[in-house]
Structures are given as C-alpha cells and as structure tokens.
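All remarks here apply to the structure that follows.
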Amino acid sequence: MDVFADLWMGLSVAISPINLVYLLIGAMVGMIVGVIPGFGPSAGLAILLPVTFGMDPIGAVMMLAAIYYGAMYGGTITSILLNTPGESATVASTFDGYPLAQKGRAGPALVMQAVASFTGGTVGVILITVLAPAFSHVARNFGPPEYFLLALLGMLTLIVMIGENWKLGVLSALIGFALGTVGVDLETGQSRYTFGSAELIGGIHFIPIAIGLFGLGELYFAFYQGLHRIGSGSIAQYDRKKGFWPDMADWVDTKFTLVRGSILGFVVGVIPGAGATIASLMAYSFERSFSKRPKNFGKGEMAGLVAPEAANNAASSGAMIPLLTLGIPGSASTAVLLAAFLLWGMRPGPLFMTQNPEFAWGLIASMYLGNMALLALNIFAIPLFVQIIRVPYRILAPIVLVICTLGTFSVSSSMIEVYLMFTAGIVGFFMRLYGFSPAALVLGLVLGPLAEEALRQTLTISRGSFWIFLERNGSIGIIVTTAVLLLVLPLMQRIGRRAGALKQATVSEVEDAGV
Amino acid sequence: MKVISTLVGTGLRGTGLAAGCVLGLIAGSQALAQDYPSKDLDWTIAFGPGGGNDIMARTLIDIIQKYDLYGQDIRAENRAGGSGAVGWGYVYSKAGSGYDITTTSGSLITTPLQADTPWKASDFVPLALLATDDLAIMVSGNSEWDTIEEFIESAKEKPPTLAGTGTVNVDFIVPTLFAEKAGFEFEYVSFNSMADMQTALLSGAVDAMVGNPGEIVGLVESGDMKALIYSGETTPPALGDVPTMDEKGWGVGVSMPRGLILAPDAPQEAVDFWRATVEKIVETPEWDKYIETNLLTENIKYGDDFATFLKNAQDGFEKVLRAQGAIK
C-alpha cells in the first residue's frame, strides 16, 4: 500500500494551481510540437529547456514531461489526415489512419486515436506506479546480445509489412538497410559514404526520410492523380453530423486491441533504446496477426490505428522507468529530461526516487492528470483539425510542403536533411506508383544500424562466438518469446480466421441494421 | 570608432576573408581598449540545447549578465549540426570579428579529423580553457576488482572488454593511452550512447566502461558501479577515494576541453577584454556551483597555454586514431 501513499503525496504536490498551469502549457505545446511534421518531442523539449532555468523543478518537469507524452497525441493527427507522420513514433499510424480518412471516417479515426492514446498513456502510468522497481530489472538485463535479438524480432514485423509483392518489399527493406550504413562506423571510427560531409557523420536520420516517403510521396501522388484540379473536400468525404463519433463496431472491435497495444508498448518502452517507434511498428504487425480480418489492414481497419497509438503512448510512459529508477535515458526525449534533472542539481540513479520522492511521485501523479487533459484537449480540437481536409488541395498541398520543409530544417538546421526529404519524396512517389513498400524501407533504416551495431558489439564481447546468445538469461528469454510467438501466432490466426468467417455474416447484418 | 567597427562588420559579411583580415588588423590597432564592447555579442553554441556545451555556454552568459560584465546585449544561438561543424564553421566565417564567441568541446578537435571542414581548432583565437571533462574507468558494483591494480593484473592475463561512447572520442583515446602506459591490453566495445553502455555494464555484458562522473555518480552512490581510476587532476569527492592516473604515474594528458574561443584574427582589444572578463567569471560563486554540480575539473589556462593544451590533445587524438586506422 506504500505505492498509494506515495502516489497520494505526489498528487498533493502536483495539484497546486501554478503546477497545473505548467502542465496545461506543456500538454498544449506537446500537441503542437507533435502536429508539426519533423518537429519531434525531443526538439520541442530541448528548445523549451532553457525556459525552465530558475523555475521550480516540480512544475518544470511536469511541463517538460507533458510536452513529451503530449507529442504522441498530436503526432497522429497529420498521420491520419495527410499521411504525414508528425513524428517518428506515429509512422505506423499512417498505415490505417490515412485510409480511414480517405473513406470519410476521419472523425472516428481521430476520436479513436485520442482514446487509444489516453488508454496507452494511462495504462503506462499505472504500470509505472505499480511495477517501477520490478521493471528496472528488465532494463538492467539488456546488453548488446539482447538488443540484437530485439532488432531481429523487430525485423519479423517486416514480413507483415512487406505486403503482397514480396520481391519489391524485400528490395525496399534492403534500400533501407543500405541507407542505414551511412555515417561513421561505430567500431572503427571510419566514415562510410559521408563524402567528407560533416553533416553525414551522424548518418541518415530517419525522420526526414519518413516525412519524404510518406508525406511528400503522398502529395506528389495526389498531384499525379489530378486532385489539385478538383474543388474542396476531395481527399476525403466528411460529414460532420453523421460521421464524427465512432460507431459501436469501432469500440467492440478494438477493446482488446487497446489492452494488447498498451501492454506491448509499455514493455518495449521500458527497454532503453527501443522506444516508441519500434513499439508502435511491432504493435501494428502483432495486431494484424491477431486480427480476424488481416486482409483489411492497410485499407482502413480501426484496429490498425488503435494498436500503434496505444503502444506509442504506453512506450513513452515505459521509457520513464529506466530514467527514474536507473538514471538511464531510453530515448532522445528522455535524454533531454535527464539533462534537465542534472541542470536542476539532481542526481539521477538508482537512489533517485528515494532521495527525491516528492519530485519523482509528483511527476508520476502529474502524468495521470496530463493524460486526462490531453484527452479533453484532443476531443475538443478534433472538429477544428478535421477542417484541414476541407481545404482545397491546391491550397493545402503547398502549405504542407512548407511545414514539412520548415519542420525538417528546424530539427538540426541541416540543408542536407531537407534535400534528403525532397529526394525521399520523389522516391516515395515512384515507390507508390510501382508497388514498393515505403514502410519496409523505413523499418530497414531504423533496425539495420541497430542490428549491425549490436551484433558487432556482441561478437567483440564474445570474441566471435555465437554461443553468447545462449549464455545470458535475457537472451534466452527473448529467444523463447520469439519462438512462442512464431508458433502460436499463425495458429491463432488460423483459428481467428475460421471464427471470423463464421462471424462475418452476423457482423454485416448488424451493420446493415445499424446504419 | 563605432563607425569603423560597424564598417568592419558589414565589410566582412560582404567581401572575402582576406580583405576582412586586413581591415580587422587595422581596426584592431587603431581602436582604443575602452571601445570594446560597443556592439551586441553573437554567442554561437555549436550543439543543441540541453547538452554539456549548451549548459556551459548558458551558465557563462547568466553569470556575465548577472554581474553586468559585458555592457551590451548577448545573443545566444544554437547553431547545431554536423558534430559542431555548422556552429564553428559559422564562427570561422566571421574572421576578424571581435563579437563572435563560442564554447569548445572535444569535437572542436575530432570533427576536423573526420570530415573536410574548412577550419581546424588552431584557426580560432584561444581565449581561455575553463574546465575539463574527465573520465573514470568504471566496473560493475559486484565485480571482483576493487582497485585499478587488481584490474590491471587480471587484464595482463586476459584482456577485458571495455565500453565507451564512439571511437573518434576521448572515450577511446584516454583508455588506449592509459593502457599503453600501464602495460595492459583491452578489447574496446564502442557504443552509441551512454544509456546503452550503462545497461551493458550492469547486465554483465562488458567488464568495464569509461564515463563522465556527472553521468554515473548516481550509480556509484547506490553501489551499482565502482570507479577504479580517474583521468583528471583531482577526483571529484562523490566518486569516493579513487586515485588519478597522474598519481599512479600513468597520466595521459588528454581530456575534453571546455573553453572559450573567438573568431579567427579577432582584434587584440577583444582578446584583452575577454581575458579580464574570464578572470572575473571564475571568481563568482555561480561558477563554483556549476563546476560542482556538473562534476567537472576546473582547469584554467589563458591564451597560449590554452593553445598548447589544444595542440597536445590534438596530437594525442591523431596518434591513436591513426594507429587504429580511423583516420588517414
């Protein structure tokens, strides 16, 4: 019961009026930062960090943390409406979110994403509250061998993402792996394919690539189809009165998706370095395996939007665990939070929560409040955001182009990243035209370097022996989990499909009657 | 005089470098000391907000403004990108200006070694080294080694694995030079971030790691990690009773320089002004607090001494990296 006493104490700290104002400011900034493509939470946090000089640390951390998880709410809005991920963790939300908008279901999609984000965020905070000490051991068991296995597990999701034309899908993933080799080789320090450019030393970041492939690629494709010549409301039909709230089927279909996505996202988020992006991609492909209608994924299936949304929010909560219990940041955003802790004169580490209970529990309690505030903000803002798709495409498209460019440039003031984004846009257009898989390319770019580095580290440590994967408890755990998933999932899928086929008739009857 | 310095400023932006240098020299010799500063200061931070470089720059600016040491406005700009190449490249393009200042880190030396930057560390006017970021060799709390001697003894039998952040970095250079002097070998495992490295050590995947005290002190206090030796001049008390490499006679003389530099060919009046100003800054309690909270080693060297320090560090880097094959 200690936990609840701590949480209650935290709540009493968090709930002072001035702290609530900071929390609301943070939530709003987070939403906005999330909406602007390219401009992720880590950039938003970093820019607001100097503002917190001289602020009371509890109010300051409540604000910064709200920016961090608020961005996960905002990032999906453009994913759904414009096929442009607001930030990296919402790439997976474009897969079914945008088709939903195209089908005229932008309203329900936005409401469901807000609900999924809220569920993920709240489940995440509950798990932090109850399990923080236990989960710090998970983070503690992760060395290079485990990261490599995790990256392999992530690559399994490629199989799902590659789609019907597997040759083009594999080729797409390989292009992603190839792009991932650019930059300084971590082990030898030699530059690979940087052509003497200082801006490429750090490698090709996947944010400009994702914005280009998905956002600009979509834009060019729309022009190719001649959308700019048609009047308003042409990307998606949207009827405010009829189509705003999700219908019963949306809720019923996704009730377990919410739970699965949240738990998976949290577990992946706890592992430092894996983060919300991988969590959301994994949640998407697992959900597809669980689904009774895997064929509908990518064509506007609500579960395909809800799963990654719940996962990325739960993961952003999960990433607080290594930060609070070990002082180890799990992502770029939590690294900025760590810098903030140091700036305020605190010493993150295993003793952090016992030495600063008011601060730590105030932060955790504020996350409950923040998620509620964000849910309300989202629901109120949706009618506004939905207006975006009523703007004629010939006006909307240039605005999106400018925002994408500004967003990409602002992250690291690098023109090379802007050029990369535009090139990726052209590539994305042709990939769409010829049936390649931009998602597989992005996943290759994310997982390729992770897998390469982890494998080389592992083999340096083991001096070339692969047995190391069977000598560590963490590794064995992951191998067993993977094996179980590989065996059980196809089985469940088969059973699910058979049940689905039976159910299909009844569902369509219900739909006919309902509408 | 004000007119002249403004002219120099605009001339520089418009015309080429050579003309700027000449004008700068003329302006420098003509100007009287009290004319500086007469313009706003453009403070380039070559990294993003929140990093060590940014925190130091903003701390210095806070101190300067609190004690009104500059007299004009100071504009701080984060010009991040390319491991410092963007920000320092910007300052380099302001040759001859006395109003373009920036803070240094290890990348001032390593980035030109890795990429075709038009500038190198010795192009800038060195004002003062203020502190160094030093490293400790760490092992897990339940490790069999309690002292550096035990570590070295066992390393001579079987080379341990030692983790650090990146290869073209002090994290690799310092233990390499140290091992050379102490007479042992190790297998270096390069990581992308401090976080991955810490979990690798805690999970028992690697035998040891190097890290900045500021980032690991929490894990030392909780007993999850032990520090064996420290590369700076004096070990921060928070790390415990740990010897330095110098004390043991295995000093490496390379560390990450945290100092101040001006644009190339900055006028003498600016250099004199900043030397006097730095002397005042390091006497303030705020500066002491910064050194203490960030667990840095205060190490103040002015002008040519700072230049020599940079040169030594650069030679150490080049030697090790060439041997490793990281640079040609």
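Sequence lines set the chain letters: A, B, ... in the order given, protein chains first and strands last, and positions in each chain run from 1.
Looking at heavy atoms from C-beta onward, Pro144(A) lies in side-chain contact with Phe191(B) at the 4.5 angstrom threshold.
Sparse packing is recorded around CD of Glu185(B), with 12 or fewer heavy atoms of other residues, nucleotides or ligands lying under 6.0 Å away. Within a 6.0 Å radius of CG in Asn473(A), other residues, nucleotides and ligands contribute 12 heavy atoms or fewer. Atom CD of Glu144(B) has more than 12 heavy atoms from other residues, nucleotides or ligands within 6.0 Å. Heavy atoms from other residues, nucleotides or ligands lying under 6.0 Å from CD of Gln65(B) number more than 12.
Contacts of Glu453(A) with chain B are made by side-chain atoms alone, with heavy-atom separations under 4.5 Å and no backbone atom involved. Looking at Pro112(B), there are no atoms closer than 4.5 Å to chain A (heavy atoms on both sides), in backbone or side chain. For Leu162(B), no part lies under 4.5 angstrom from a heavy atom of chain A. Both the backbone and the side chain of Asn192(B) have a heavy atom closer than 4.5 Å to some heavy atom of chain A. Contact of Glu187(B) with chain A is made through the side chain alone, with heavy-atom distances under 4.5 Å. Of the two parts of Ala76(B), neither the backbone nor the side chain holds a non-hydrogen atom closer than 4.5 Å to a non-hydrogen atom of chain A.
Along residues 201-211 of chain B, the residues that come nearer than 4.5 angstrom to chain A, judged on non-hydrogen atoms, are Leu202(B), Ser203(B), Gly204(B), Ala205(B), Val206(B) in order of number. Contacts between residues 460-471 of chain A and chain B, defined by a heavy-atom separation under 4.5 Å, are made by Thr460(A), Ile461(A), Arg463(A).
Thr161(B) OG1 to Gln457(A) CD: the interatomic distance, rounded to the nearest 0.5 Å, is 11.0 Å.
Remark: Ser191(A) pairs with no residue by the side chain to side chain donor-acceptor pair (under 3.5 Å) rule, at least two apart or across chains. Under the rule for a ring pair (Phe, Tyr, Trp, His ring centres under 6.0 Å), Trp43(B) has no partner lying at least two apart in sequence or in another chain.
Between chain A and the residues Asn294(B), Leu219(B), Val168(B), the largest count of heavy-atom pairs under 4.5 Å involves Leu219(B).
Between Thr199(B) and Tyr147(A), the closest heavy-atom pair is OG1-OH, 4.1 Å.
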